[in-house]
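Quick notes on the structure that follows.
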Amino acid sequence: MKKTLCRILVYLFAFFVAAAAFYPFFVMIISSTHDNYNIVAKINVLPGDKLKDNFDRLTQNIDLTRGILNSLMLAVVVTVVQNYFTMMAAYAFSKFQFKGKNFLFSVVLVAMMLPGQLGIIGFYKEIQALKLLNKYFTLIIPTISNCFAVFFYKQFLDGALPNELIEAAVVDGCAELRIFHRIAIPLVIPALVTQGVMTFIGTWNSYLTPLIILNDKKKFTLPLMIATVRDATHADYGAQYVGMLVSVVPMVIVYAFASKIIMEKIAIGAAVKG
């Protein structure tokens, strides 16, 4: 009886957590089908009939295709660049022995705890002095120093990559870069995919940094374009909700494929086989 009761309580708790997590998506989906008045003045539970009108106004105000392509390009490049170089840094911290190693890793941990918004003014001033405003390059290169990714990969490498395997590769004449590409990366694919998904979603949804760096509307990412949807006096909430609904679709697709890869790798033991 106690076991059954505990199971029911766990299921109820899981249901309420899932419902709380899904509620913002429910509001977004329902609101995208109503006009501005109903969105502001009423609590909407049932879908309306204004989805097509909202979508038409959205496409009239912004170049939706360009916004999606800009966000997709930036998210893919940042995901590849950030994860490759943070993985390389984590590999060095995990497997190399050098003076100051513990101190430098402590610096990484401290930096990981600091909110990025604290340095946003100094970052803007520096970028302005270097004349790098309105460039995607400025949004890509600083992501190489993602402290959480370095910490995450180091912890995974400590357990997934035995030192004996590296020593055997060195005896066989493998260079460091070859060991990194042929042994280290294949062993941490689940971690790589997990961090890659978080990086992709974070970059896709990024608003503050692109807002202060980009000033050319043709270079705006999708979140910036959606925020500019307004009429003469107020924001067009219906069109904005449709834009948010469109922006969620690529993230759902990426997560669906990534979760499948992670589960397959873990299930068949690919992380051990390499």
Side-chain angles (χ1 to χ4, degrees), residues 24 62-63 66-94 98 100-156 191-230 235 240 243-244 247-248 250-251 254-255:
I62 65 172
D63 188 344
R66 179 180 287 274
I68 293 174
L69 291 177
N70 289 346
S71 290
L72 185 62
M73 181 276 296
L74 187 62
V76 170
V77 174
V78 168
T79 300
V80 173
V81 171
Q82 181 189 113
N83 285 278
Y84 178 79
F85 286 102
T86 54
M87 171 73 79
M88 187 174 288
Y91 176 74
F93 277 121
S94 177
F98 53 90
K101 170 184 170 179
N102 293 333
F103 172 76
L104 290 176
F105 191 67
S106 298
V107 172
V108 171
L109 294 180
V110 171
M112 183 177 67
M113 300 174 190
L114 297 176
Q117 292 80 1
L118 288 179
I120 201 71
I121 297 176
F123 174 71
Y124 176 79
K125 289 292 186 181
E126 185 176 353
I127 295 303
Q128 186 181 45
L130 294 173
K131 298 181 179 180
L132 292 176
L133 292 175
N134 200 37
K135 298 181 185 296
Y136 287 134
F137 175 85
T138 310
L139 298 173
I140 295 171
I141 297 303
T143 63
I144 293 175
S145 60
N146 187 292
C147 298
F148 174 77
V150 174
F151 170 76
F152 178 76
Y153 285 135
K154 180 187 180 298
Q155 298 304 110
F156 200 91
L192 191 63
V193 175
T194 302
Q195 181 62 30
V197 170
M198 292 192 291
T199 304
F200 183 92
I201 292 175
T203 307
W204 181 275
N205 290 328
S206 180
Y207 179 78
L208 180 60
T209 306
L211 178 65
I212 66 172
I213 296 298
L214 303 177
N215 50 50
D216 183 356
K217 289 186 177 182
K218 292 183 179 180
K219 293 185 177 181
F220 275 10
T221 57
L222 189 58
L224 292 183
M225 287 190 177
I226 292 172
T228 63
V229 178
R230 334 174 38 92
Q240 287 183 347
M244 288 186 283
S247 70
V248 166
M251 291 186 289
V254 169
Y255 176 77

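Computed over heavy atoms, backbone and side chain alike; hydrogens, waters and symmetry mates excluded. Bear in mind that the values here come from a model prediction, so they are computed numbers and not experimental data.
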More than 12 foreign heavy atoms under 6.0 Å from NZ of K219: is that the case here?
yes
Nearest heavy-atom neighbours spanning L192 and Y153
CD1-OH, 3.3 Å
Verdict with reasoning, L69 to M73, per side-chain contact (heavy atoms from CB on, under 4.5 Å):
CA-CA 6 Å; L69 291 177; M73 181 276 296; over 6 Å; no
Where Q240 and A227 come nearest, the two heavy atoms and their spacing
NE2-O, 3.8 Å
Gap separating the CE atom of M112 from the CZ atom of F152, nearest 0.5 angstrom:
12.0 Å
Do K154 and F105 meet the cation-pi criteria used here (NZ or CZ under 6.0 Å from the six-membered ring centre, within 45° of the axis)?
yes
Taking all atoms of both residues into account, what is the closest heavy-atom pair of A111 and C147, and its distance?
CB-SG, 3.6 Å
With rounding to the nearest 0.5 Å, note down the distance linking OH in Y124 to CG in L211.
10.5 Å
For Q82 and T143, which heavy atoms make the closest approach, and how far apart are they?
CG-O, 3.1 Å
Within the structure provided, determine whether T86 and F148 are in side-chain contact (heavy-atom separation under 4.5 Å).
no
Got a second to check how far Q128's CD is from I213's CD1, nearest 0.5 Å?
9.5 Å
Any side-chain heavy-atom pair from P210 and F220 closer than 4.5 angstrom?
no
Taking S71 for the side chain and G67 for the main chain, is one N or O donor matched with an acceptor at less than 3.5 Å?
yes
Expected output: side-chain N70 to main-chain K218 donor-acceptor under 3.5 Å:
yes
Under a 4.5 Å cut-off applied to non-hydrogen side-chain atoms, are T199 and Q195 in contact?
yes
Does CZ belonging to F98 count more than 12 external heavy atoms closer than 6.0 Å?
yes
Considering all heavy atoms of both residues, which atom of A90 and which atom of V150 are nearest to each other, and what is their separation?
CB-O, 3.5 Å
From CD1 (I141) to OH (Y136), nearest 0.5 Å
15.5 Å
So, do W204 and I68 sit near enough that their side-chain heavy atoms are less than 4.5 Å apart?
yes
Surrounding NZ of K101 (heavy atoms of other residues, nucleotides or ligands, distance under 6.0 Å), is the total greater than 12?
yes
Report the distance from atom CD1 of I226 to atom OG of S247, rounding to the nearest 0.5 Å.
4.5 Å
Does some side-chain heavy atom of F200 sit less than 4.5 Å from a side-chain heavy atom of V78?
no
To the nearest 0.5 Å, tell me how far Q155 CD sits from S94 OG.
8.5 Å
Answer whether the closest heavy-atom distance between the side chains of T138 and L133 falls below 4.5 Å.
no
Say whether, by atom type as modelled, one donor and one acceptor occur between the side chain of N215 and the main chain of N134 under 3.5 angstrom.
no
Taking the basic N atoms (NZ, or NE/NH1/NH2) and the acidic carboxylate oxygens, is any pair closer than 4.0 Å for D63 and R66?
yes
Which of T221, L214, I127, T203 passes side chain to side chain contact (heavy atoms under 4.5 Å, CB included) with L139? Answer is L214
In terms of heavy-atom contacts, does CG of L114 have more than 12 from other residues, nucleotides or ligands at under 6.0 Å?
yes
